[in-house]
Colleague: 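Structure below; questions to follow.
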Amino acid sequence: MRHPDVQRFLEAAEAALTASAAPGSAAALAGERVFSRLRDGVGAEGGAVAAQLPVCGWIEAALKAAEGGPRQGLADAFAALVERLEWKRRASADPADRVFWDGHANAMICGPGGLEQRDDLWIGATVMAPGVTYVDHDHPPEEVYLSLAPGEWWNAGMDWTDPGATGVIYNPPGIRHAMRSGAGPFLALWVLPV
Ligand SMILES: [Fe+2]
(Lines give C-alpha, C1' and ligand atoms only; values in the text may rest on other atoms or scores of the structure.)
Protein backbone atom coordinates (compact mmCIF):
# COMPACT_ATOMS: atom_id res chain seq x y z
CA MET A 1 0.00 0.00 0.00
CA ARG A 2 1.22 3.45 -0.90
CA HIS A 3 1.23 6.00 1.90
CA PRO A 4 -2.09 7.88 1.59
CA ASP A 5 -0.35 11.27 1.58
CA VAL A 6 1.88 10.17 -1.31
CA GLN A 7 -1.09 8.72 -3.17
CA ARG A 8 -3.06 11.94 -2.74
CA PHE A 9 -0.10 13.98 -3.96
CA LEU A 10 0.35 11.77 -7.04
CA GLU A 11 -3.33 12.04 -7.94
CA ALA A 12 -3.17 15.83 -7.59
CA ALA A 13 0.00 16.01 -9.69
CA GLU A 14 -1.50 13.88 -12.44
CA ALA A 15 -4.68 15.96 -12.42
CA ALA A 16 -2.67 19.20 -12.67
CA LEU A 17 -0.56 17.87 -15.52
CA THR A 18 -3.57 16.54 -17.41
CA ALA A 19 -5.41 19.84 -16.94
CA SER A 20 -2.45 21.89 -18.20
CA ALA A 21 -0.72 19.91 -20.95
CA ALA A 22 -2.31 19.81 -24.39
CA PRO A 23 -3.64 16.30 -25.14
CA GLY A 24 -1.10 14.35 -27.17
CA SER A 25 1.70 16.85 -26.45
CA ALA A 26 5.13 15.57 -25.46
CA ALA A 27 4.49 16.78 -21.89
CA ALA A 28 1.18 14.94 -21.70
CA LEU A 29 2.71 11.73 -23.06
CA ALA A 30 5.66 11.90 -20.65
CA GLY A 31 3.22 12.40 -17.79
CA GLU A 32 1.13 9.44 -18.91
CA ARG A 33 4.23 7.23 -18.93
CA VAL A 34 5.09 8.23 -15.37
CA PHE A 35 1.63 8.04 -13.85
CA SER A 36 0.70 4.75 -15.55
CA ARG A 37 3.87 3.19 -14.08
CA LEU A 38 2.81 4.48 -10.66
CA ARG A 39 -0.64 2.93 -11.09
CA ASP A 40 0.89 -0.39 -12.16
CA GLY A 41 2.78 -0.87 -8.93
CA VAL A 42 3.89 0.64 -5.65
CA GLY A 43 7.61 0.87 -4.94
CA ALA A 44 9.23 -0.06 -1.66
CA GLU A 45 9.52 2.53 1.04
CA GLY A 46 12.30 4.85 -0.07
CA GLY A 47 15.44 5.84 1.76
CA ALA A 48 14.56 9.49 2.30
CA VAL A 49 15.78 10.74 5.69
CA ALA A 50 13.86 13.90 6.56
CA ALA A 51 16.20 16.88 6.24
CA GLN A 52 15.82 20.57 5.52
CA LEU A 53 18.12 23.39 4.46
CA PRO A 54 17.68 27.05 5.41
CA VAL A 55 16.25 27.81 1.95
CA CYS A 56 13.30 25.52 2.83
CA GLY A 57 12.03 28.44 4.88
CA TRP A 58 10.77 29.84 1.57
CA ILE A 59 8.43 26.90 0.94
CA GLU A 60 5.68 28.27 3.14
CA ALA A 61 5.61 31.59 1.32
CA ALA A 62 5.70 29.82 -2.04
CA LEU A 63 2.75 27.62 -1.07
CA LYS A 64 0.87 30.69 0.12
CA ALA A 65 1.29 32.10 -3.37
CA ALA A 66 -0.62 29.07 -4.71
CA GLU A 67 -3.56 29.68 -2.38
CA GLY A 68 -6.76 30.35 -4.27
CA GLY A 69 -5.02 29.49 -7.55
CA PRO A 70 -5.64 26.63 -9.98
CA ARG A 71 -3.06 24.41 -8.27
CA GLN A 72 -4.11 24.89 -4.67
CA GLY A 73 -5.08 21.21 -4.40
CA LEU A 74 -1.65 20.16 -5.58
CA ALA A 75 0.03 22.67 -3.28
CA ASP A 76 -1.94 21.32 -0.30
CA ALA A 77 -1.08 17.73 -1.16
CA PHE A 78 2.57 18.68 -1.53
CA ALA A 79 2.52 20.60 1.77
CA ALA A 80 1.62 17.36 3.57
CA LEU A 81 4.89 15.80 2.35
CA VAL A 82 7.35 18.66 2.81
CA GLU A 83 8.60 17.77 6.27
CA ARG A 84 9.17 14.11 5.41
CA LEU A 85 11.36 14.89 2.42
CA GLU A 86 15.14 14.88 2.28
CA TRP A 87 15.99 18.35 1.00
CA LYS A 88 19.49 18.52 -0.47
CA ARG A 89 21.65 20.74 -2.59
CA ARG A 90 22.44 19.64 -6.10
CA ALA A 91 25.43 17.26 -5.80
CA SER A 92 27.56 19.43 -8.08
CA ALA A 93 26.73 22.73 -6.32
CA ASP A 94 29.81 24.85 -5.62
CA PRO A 95 30.01 26.38 -2.11
CA ALA A 96 31.89 29.33 -3.66
CA ASP A 97 28.70 30.26 -5.54
CA ARG A 98 26.94 31.52 -2.42
CA VAL A 99 23.75 32.66 -4.15
CA PHE A 100 23.10 29.22 -5.61
CA TRP A 101 24.52 27.26 -2.63
CA ASP A 102 22.29 29.05 -0.12
CA GLY A 103 19.43 29.61 -2.52
CA HIS A 104 18.24 26.21 -3.71
CA ALA A 105 17.22 22.74 -2.53
CA ASN A 106 15.86 19.65 -4.23
CA ALA A 107 13.89 16.73 -2.84
CA MET A 108 12.97 13.39 -4.39
CA ILE A 109 9.42 12.21 -3.74
CA CYS A 110 9.31 9.07 -5.92
CA GLY A 111 12.64 7.83 -7.21
CA PRO A 112 16.07 6.98 -5.82
CA GLY A 113 16.32 8.23 -2.25
CA GLY A 114 12.71 9.42 -2.25
CA LEU A 115 9.70 8.57 -0.12
CA GLU A 116 8.90 5.76 -2.59
CA GLN A 117 11.79 3.90 -4.17
CA ARG A 118 11.53 3.79 -7.98
CA ASP A 119 14.02 3.11 -10.72
CA ASP A 120 11.58 3.81 -13.56
CA LEU A 121 10.73 7.45 -12.79
CA TRP A 122 11.64 10.51 -10.76
CA ILE A 123 9.17 12.93 -9.21
CA GLY A 124 10.53 15.66 -7.00
CA ALA A 125 10.56 19.31 -6.10
CA THR A 126 12.87 22.31 -6.24
CA VAL A 127 12.64 25.38 -4.04
CA MET A 128 14.68 28.54 -4.65
CA ALA A 129 14.93 31.84 -2.81
CA PRO A 130 14.10 35.01 -4.75
CA GLY A 131 16.70 36.10 -7.28
CA VAL A 132 18.34 32.71 -7.89
CA THR A 133 19.11 30.99 -11.19
CA TYR A 134 19.45 27.21 -11.13
CA VAL A 135 22.62 26.08 -12.86
CA ASP A 136 22.37 24.90 -16.46
CA HIS A 137 22.11 21.14 -16.50
CA ASP A 138 21.00 18.21 -18.62
CA HIS A 139 20.02 14.58 -18.14
CA PRO A 140 19.05 11.78 -20.48
CA PRO A 141 15.37 11.50 -19.40
CA GLU A 142 12.82 13.95 -20.74
CA GLU A 143 11.27 16.13 -18.06
CA VAL A 144 8.03 17.93 -17.27
CA TYR A 145 7.98 20.79 -14.76
CA LEU A 146 4.83 21.95 -12.98
CA SER A 147 5.07 25.36 -11.32
CA LEU A 148 3.61 25.95 -7.88
CA ALA A 149 4.97 29.50 -7.58
CA PRO A 150 6.09 31.97 -10.25
CA GLY A 151 9.30 31.26 -12.10
CA GLU A 152 10.92 31.22 -15.52
CA TRP A 153 12.44 28.37 -17.49
CA TRP A 154 15.00 28.22 -20.25
CA ASN A 155 16.27 25.47 -22.49
CA ALA A 156 18.55 25.32 -25.51
CA GLY A 157 15.50 25.43 -27.78
CA MET A 158 13.41 27.97 -25.86
CA ASP A 159 13.94 31.51 -24.59
CA TRP A 160 13.27 32.30 -20.91
CA THR A 161 9.55 31.57 -20.45
CA ASP A 162 7.10 32.19 -17.62
CA PRO A 163 4.50 29.45 -18.02
CA GLY A 164 2.05 31.11 -15.63
CA ALA A 165 0.02 29.64 -12.78
CA THR A 166 -1.01 26.57 -14.76
CA GLY A 167 2.34 26.31 -16.46
CA VAL A 168 3.85 23.18 -17.85
CA ILE A 169 7.39 23.16 -19.18
CA TYR A 170 8.69 20.25 -21.27
CA ASN A 171 12.38 19.52 -21.72
CA PRO A 172 13.23 16.94 -24.40
CA PRO A 173 15.77 14.24 -23.48
CA GLY A 174 19.31 15.54 -22.97
CA ILE A 175 18.61 19.24 -23.63
CA ARG A 176 20.49 21.94 -21.65
CA HIS A 177 18.04 23.72 -19.36
CA ALA A 178 17.71 25.98 -16.33
CA MET A 179 15.16 27.90 -14.30
CA ARG A 180 15.12 31.04 -12.19
CA SER A 181 13.09 32.79 -9.53
CA GLY A 182 11.97 36.39 -9.71
CA ALA A 183 11.10 38.71 -6.83
CA GLY A 184 9.45 35.88 -4.87
CA PRO A 185 10.36 32.29 -4.04
CA PHE A 186 10.34 29.58 -6.69
CA LEU A 187 8.68 26.21 -6.13
CA ALA A 188 8.17 23.62 -8.85
CA LEU A 189 7.69 19.90 -9.29
CA TRP A 190 9.56 17.78 -11.83
CA VAL A 191 8.26 14.60 -13.39
CA LEU A 192 10.57 12.34 -15.40
CA PRO A 193 10.05 8.91 -16.96
CA VAL A 194 13.45 7.18 -16.64
FE1 LIG B 1 16.20 19.04 -15.06
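Just so you know, ligand 1 is whichever comes first in the structure, and atom 1 is the first atom listed for that ligand. Treat the numbers as computed from the prediction; the structure is a model and nothing was measured.
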Colleague: Between Glu14 and Arg39, does a salt bridge (charged side-chain N to carboxylate O under 4.0 Å, His left out) hold up when you go through it step by step?
Modeller: CA-CA 11 Å; Glu14 180 173 18; Arg39 264 192 298 278; 2.9 Å; yes

Colleague: Please report the C-alpha distance between Trp190 and Thr126 in whole Å, then the side-chain angles of each, then the deciding distance to 0.1 Å, and finally whether the side chain to side chain donor-acceptor pair (under 3.5 Å) criterion is met.
Modeller: CA-CA 8 Å; Trp190 24 271; Thr126 296; 2.8 Å; yes

Colleague: Describe, in one word, how the ring planes of Trp160 and Trp154 are oriented to each other, choosing from parallel (under 30°), tilted (30 to 60°) and perpendicular (over 60°).
Modeller: tilted

Colleague: Nearest 10° is fine: what angle sits at the Fe ion (ligand 1) between NE2 from His139 and OE1 from Glu143?
Modeller: 80°

Colleague: If you round to 10 degrees, what value do you get for the angle at the Fe ion (ligand 1) between His137 atom NE2 and His177 atom NE2?
Modeller: 80°

Colleague: Can you tell me if an N/O/S atom from Asp138 lies under 2.8 Å from the Fe ion (ligand 1)?
Modeller: no

Colleague: With under 30° as parallel and over 60° as perpendicular, where do the rings of Phe100 and Tyr134 fit, or are they tilted in between?
Modeller: perpendicular

